[in-house]
Amino acid sequence: MIPLMYCLIFASILFVIGLLGVMIRRHLYFLLLSLIIMNNGAIVALFAASSYWQQSDGQVLAILAVIIALTEVCVGLALMMKLFYRRKIFNIDSLSEMKG
């Protein structure tokens with residue numbers, strides 16, 4: 001069995017990589033990908049903690065988080081496609097130019 005500390009370190013590394021991607025990138029696709037990486041870090045931490053304490057509550061919550069992440073991806077991709085059809089670019093800076 002993998003120790004809890006290793007799992008939490010892995011989860012925090014995933015979260016920090018996602019956070020850096022959100023802060024640095026301006027491309028919409030990479031921004032959504034970074035948000036998903038951050039969410040995966042939180043899910044790994046939930047699974048690790050629930051398996052360490054041998055309770056299924058955290059695993060159920062993690063499965064719900066996975067479902068929420070999937071809906072986030074669907075909505076994000078739909079918004080990204082709509083932006084691409086209107087502007088023909090994926091740059092986030094162009095979002096400030098959109099009106100109404």
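Bear in mind that the values here come from a model prediction, so they are computed numbers and not experimental data.
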Looking only at heavy atoms, which two atoms of M1 and S51 are closest? And how far apart?
CE-O, 3.9 Å
Answer yes or no: is there a side-chain heavy-atom contact under 4.5 Å between L32 and V73?
no
Do V75 and I68 sit in one hydrophobic cluster, given that two such residues count as connected whenever their side-chain heavy atoms are within less than 4.5 Å of each other, even indirectly?
no
To the closest 0.5 Å, what do you measure between CG (L79) and SG (C74)?
11.5 Å
Between V44 and C7 the two heavy atoms that sit nearest each other are CG1-O, 4.0 Å
In short, A69 meets N39 closest at the heavy-atom pair CB-ND2, 3.0 Å
Side chain to side chain, Q55 and S50, heavy atoms closer than 4.5 Å
no
Considering residues at least two apart in sequence or located in another chain, which fulfil the ring pair (Phe, Tyr, Trp, His ring centres under 6.0 Å) criterion with F30?
H27
Drop me the distance from I2's CD1 to L8's CG, to the nearest 0.5 angstrom.
11.5 Å
Evaluate side chain to side chain contact (heavy atoms under 4.5 Å, CB included) for L19 paired with M38, printing each intermediate quantity in order.
CA-CA 7 Å; L19 185 64; M38 287 174 64; 4.2 Å; yes
Side-chain heavy-atom pair E72, L35 within 4.5 angstrom cut-off
yes
Y52: partners by side-chain contact (heavy atoms from CB on, under 4.5 Å), with sequence neighbours left out
L4
State the CG-CD1 distance between L14 and I17, to the nearest 0.5 angstrom.
6.0 Å
To the closest 0.5 Å, what do you measure between CZ (F15) and CD1 (I43)?
12.0 Å
Hey, what do you get for CE (M5) to CZ (F10), rounding to the nearest 0.5 Å?
16.0 Å
